[in-house]
Amino acid sequence: RTASDTTQQSFRPNPINTSQGRTQIFTENATDHRQGIAKEMNAEMLLCEEILNFLRYLPEVQVSDEDVEQAVQFLKEKHVLLTRSDKILRFAGFKRTPSKSDKRTEKERFKPLVKIITEIGNFVKSKDRTPSCVLTQKCDNYNHTETVGGNFKIDAYLKLARSTVPEASDVPRPLADAAVPCEFKSFLKLRFQNRKQLLGHISFTMTDDPRRMHMYGITIEDSTMAVWYFSRGYSVKSPDFDFRQDYRLFIRIMLIFLLANKEKLGYDPTVKRRTDSDGKPCFIYQVDNRYFKTVRSIFESRRLCVTGRGTRVWQVVEVRSFENLEPIKGRSEMVLKDVWLNKGAMTEGQNLRAIFDELEKLSLVLQSGTELAILSEFDQEERQRLRDCLLQRTWGRYFLTKECDWQGYSSTGRGDGAEPNNQLFDAPPSDPIPASSSLTSETRHSTPRPTDPADRRLPQRPRSYGSKQQYRIVYQEICTPMHEVRPLSHVFTALEDCVFALQLMFLAGWVHRDISSGNVYLYTDKERQDQIRGILGDLEYAKRFSDTRCSLDPKTGTAYFMAVEIQTQQLIGTTISPENQKAKPTKKDMEDRVKMKQAVDNAAKTVTGVRHHFQHDMESVFWLLLWILLRRFPRDPKPAGLDDAILDVFQDTSTCPLTRAEIIKHDNFLENYLNCWLDDIHLRDLIPYLASFRDLLKNAYDERPKKMEDLADYANLYSLLCWMLGKCRDLMVKQPDLPLLLSWRSSPSPQPVNTPSPANPAVQVHERSKRKRASDGDKLPKNARSKVDHPTASRSDLQDGAIQCAKPDDPPSEESGSSSDDEDEENNTRLGSEESDPEESDSEESDESDDDEYVPEQDLQ
């Protein structure tokens, strides 16, 4: 938990694995991600135009108008409020605005706030109440954090009067007890920089501290003040007001904060910070009436965006209470998962129960002597395996076993007067400059060109900005997630069993919707260490395939492994096959085409986007395998350009990287890519299998709009995926000198590239690939196409395609992977790349404090 416990590394995904159980969140230069946080949060922000509408988001504390007037009189007596010559009350120390102050530093200009809030606290004490916070101003010092990387500065913060860190603990306290962070700037023109600094601190803290349910923040630029509310569901900003002129509103807000207890300030009463018997810090989670002490962290969400699930997975042991930390005898260690779900959504435990109920029904059908028609669509081997599992009721071994679960606190629901606003962290684009010549294209010159790829996203879908609710579930099995499994053959075993679990869900009529390295596990039998199997977890986003309803609030998936159609919200397949297209279509042809498109859209899309189907889960398995092979397989020496090539495909952003889309959409692109970056002698034999399965995915996507409900087509794909994984596993087993995969402690992810991207990232990766191969003295493989031309191909077709891909002769054509259908989507943003803010360099004030803030990397979830 301290800097000496871990090395400086940047992991994406970022599992937690230090001796104390946690690791750093950010890179050493994490301030590069400040702009990235703002972009991710733009779509999550609401703005209240009226202060009365915002007050509902503040802690539920009764502060009457009489209380405010009494506080005003108290401050006047303490000479904190003074009457100017024009008979207007002003705070002492702010006779002039900070921008016009004769004080030299920003710290000195805002220092009077400490005395003002201290006296408001004294007023609270005069009413026989104890203020919960005091204002602390230490803008010159870096703040201590439990996880490495949080060395940012905060101008000031409302610090808990009673620390939440145990007295015996040597863990530094400031960040843990910083209830309401405050950021100050002397000039209004620096407001966007100021807001990003607050946002960076909030994002870090809500990731770093498991007890934070929500947080508040304050920004002041000159004398313009705003209050912020951040939660896992959405975030809200108050209207700006002048704290010098509207001093009564300032006093009311401060009274609310000082009278609020820790829970109302966002601290979770069901999670306590404690010190273990060995002196190490730990957390005690309450799940219903049971208590679990954290032993180590298995996974913690590392997203830039505050909104989302905020997933944490801990290895835990059951104890008797918050104070009695002795493990209960006879209880094995277990796994606790803490997550935020949409309020009212089915929980993971409920989904698991529903899936098992459906499998039980199928088992009863088989026991009655009736065969299941859908089983006939699988090949013989898979059919028999599924049939045996149903008859013997052993489906539970492929899923985690629930010990107990619990639903807790819900975030505040959206109120009246809070409207979406995506321009709170960046200045709006300037008005377009009309063409000066009548001969110039008016359309091109009057339409401003977007300055950032994020501006080219699809139109934002409707949002309800609903509240989220805590959910905790404890599992009996302690497993190893895919990003920590080291034998490559074990990876294929786990993935093969994971696909079998997906097949069971398919039979039950459910889709998983969130396959990632953090929810595909390898389980080792406690009694027989040589017995391993894969287990599929994280079913909170699982859904019945027949349920086409969709929440208006987007669910946060794992961008690394998300299907391209889901990430882009655009279908890959066409509705009219080329052979059915006529050179001179008639009106009747046009009418038929319209009817077909309408039918396809109704089947393939929901109200808010592309319908998630079974093939999307299979594509996620494909991306997971590709990521493991590229990122974790040891290379000595490491190929130049590999990190950039991986970043071209795997980015933790809400937009789909162009190269990633090219891999699925364009033939031969993956083969060329893999022959450049997966050319290790141990892995070359895997390329034909990966490329051939990608061909099957693409062919199936081409036909999918017309076969959305064709369960037989999905069953065939499942069989082929299982076969491919089994063949790859056998290839790895036959290599006795196969090196172990790198652990996350020694396998840093590629660092963000700060140089501008070329016009087409697909060209970039292709040119980089050609340069790399040329440096090795080899030629790129021929643009060989697999024999597999139809999604209902057989295993023999897949094998033939693999063999053909394995024997390339000629170099690729220049067309292969050189462009895409959407050439306007140039300069895709990499995580961490950031354009300079003209306002940040406009004044020396921007360098006085807080500019070294660390901001979080985007995580798996």
Side-chain angles (χ1 to χ4, degrees), residues 6-7 9-18 23 296-299 302 313 478-499 515-524 529-537 558 560-561 620-639 641-643 645-647 649-650 652 673-687 689-690 693 724-751 859-860:
T6 57
T7 57
Q9 299 170 348
S10 170
F11 299 154
R12 293 196 311 273
N14 195 351
I16 313 303
N17 45 24
T18 67
T23 192
R296 72 179 184 95
S297 177
I298 298 175
F299 174 82
R302 300 302 192 216
V313 183
I478 297 179
C479 305
T480 305
M482 279 297 94
H483 49 252
E484 294 183 2
V485 177
R486 301 198 63 190
L488 187 53
S489 60
H490 289 184
V491 167
F492 285 105
T493 297
L495 289 177
E496 193 173 4
D497 286 343
C498 163
V499 174
I515 298 295
S516 74
S517 71
N519 53 40
V520 177
Y521 304 102
L522 183 72
Y523 177 72
T524 303
Q529 295 294 316
D530 59 329
Q531 295 295 314
I532 60 173
R533 69 175 187 270
I535 289 181
L536 182 62
T558 307
Y560 271 40
F561 316 114
S620 292
V621 174
F622 165 81
W623 289 120
L624 174 55
L625 174 58
L626 186 61
W627 174 79
I628 290 173
L629 295 175
L630 290 169
R631 169 51 46 207
R632 298 189 56 215
F633 193 84
R635 315 292 180 87
D636 189 16
K638 185 177 182 179
L642 176 61
D643 286 350
I646 296 174
L647 270 177
V649 179
F650 296 100
D652 200 1
Y673 181 92
L674 293 181
N675 276 285
C676 290
W677 306 113
L678 208 65
D679 60 349
D680 186 273
I681 189 173
H682 298 93
L683 304 180
R684 288 174 183 171
D685 291 341
L686 300 179
I687 296 177
Y689 293 94
L690 292 169
F693 186 73
M724 185 269 286
L725 292 171
K727 287 293 184 181
C728 292
R729 181 199 62 230
D730 294 342
L731 288 173
M732 298 299 100
V733 171
K734 293 177 181 178
Q735 300 187 47
D737 59 338
L738 185 69
L740 295 176
L741 297 175
L742 296 174
S743 69
W744 276 112
R745 302 177 192 182
S746 57
S747 173
S749 63
Q751 298 300 309
D859 95 7
L860 272 174

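- Ile532 and His490 make their closest contact through CD1-CD2, 3.4 Å (heavy atoms, listed as atom of the first residue, atom of the second, distance).
- Between Arg632 and His483 the shortest heavy-atom distance is CZ-O, 3.4 Å.
- Using a 4.5 Å heavy-atom threshold, the side chains of Tyr673 and Leu630 count as touching.
- Without hydrogens or angle criteria, Arg684 side chain to Asp679 main chain gives a donor-acceptor distance under 3.5 Å.
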Using the side-chain contact (heavy atoms from CB on, under 4.5 Å) rule, take Val485 and Ile628 through it: C-alpha gap first, then chi angles, then the decisive distance, then the call.
CA-CA 10 Å; Val485 177; Ile628 290 173; over 6 Å; no

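- For Arg729, the salt bridge (Lys or Arg N to Asp or Glu O under 4.0 Å) partners at least two apart in sequence or on another chain are Glu496.
- Lys638 has its side chain within reach of Asp643: a pair of non-hydrogen atoms, C-beta onward, lies under 4.5 Å apart.
- Here the straight-line distance linking atom CG of Leu686 with atom CG of Leu731 works out to 6.0 Å at 0.5 Å rounding.
- Residues Thr493 and Arg533 have side chains not in contact (no heavy-atom distance under 4.5 Å, counting atoms from C-beta outward).
- With sequence neighbours left out, Asp680 forms a side-chain contact (heavy atoms from CB on, under 4.5 Å) with Phe633, His682, Leu683.
- In this structure, CG on Asp730 lies 10.0 Å from OG on Ser489, to the nearest 0.5 angstrom.
- The line from CZ of Phe693 to SG of Cys728 is 10.5 Å long, rounded to the nearest 0.5 Å.
- Side-chain contact check for Tyr689 versus Leu625: every heavy-atom pair is 4.5 Å or farther apart.
- Atom CD1 of residue Ile478 and atom OG1 of residue Thr480 lie 9.5 Å apart, to the nearest 0.5 angstrom.
- The aromatic rings of Tyr560 and Phe650 sit tilted relative to each other, their planes meeting at an angle between 30° and 60°.
- Using a 4.5 Å cut-off on side-chain heavy atoms (C-beta onward), Phe561 and Leu624 make contact.
- A pairwise comparison of heavy atoms in Val520 and Ala494 identifies CG1-O, 4.3 Å as the closest pair.
- Of all the heavy atoms in Gly518 and Pro481, the pair that sits closest is CA-CB, 4.4 Å.
- Taking the side chain as every heavy atom from C-beta outward, Ile515 and Trp623 never approach each other to under 4.5 Å.
- For the atom pair CG (Asn519) and SG (Cys479), the distance works out to 11.5 Å, reported to the nearest 0.5 Å.
- Residues Leu674 and Leu626 have side chains in contact (heavy-atom distance under 4.5 Å, counting atoms from C-beta outward).
- Leu629 is listed as a side-chain neighbour of Leu690, based on a closest heavy-atom distance under 4.5 Å.
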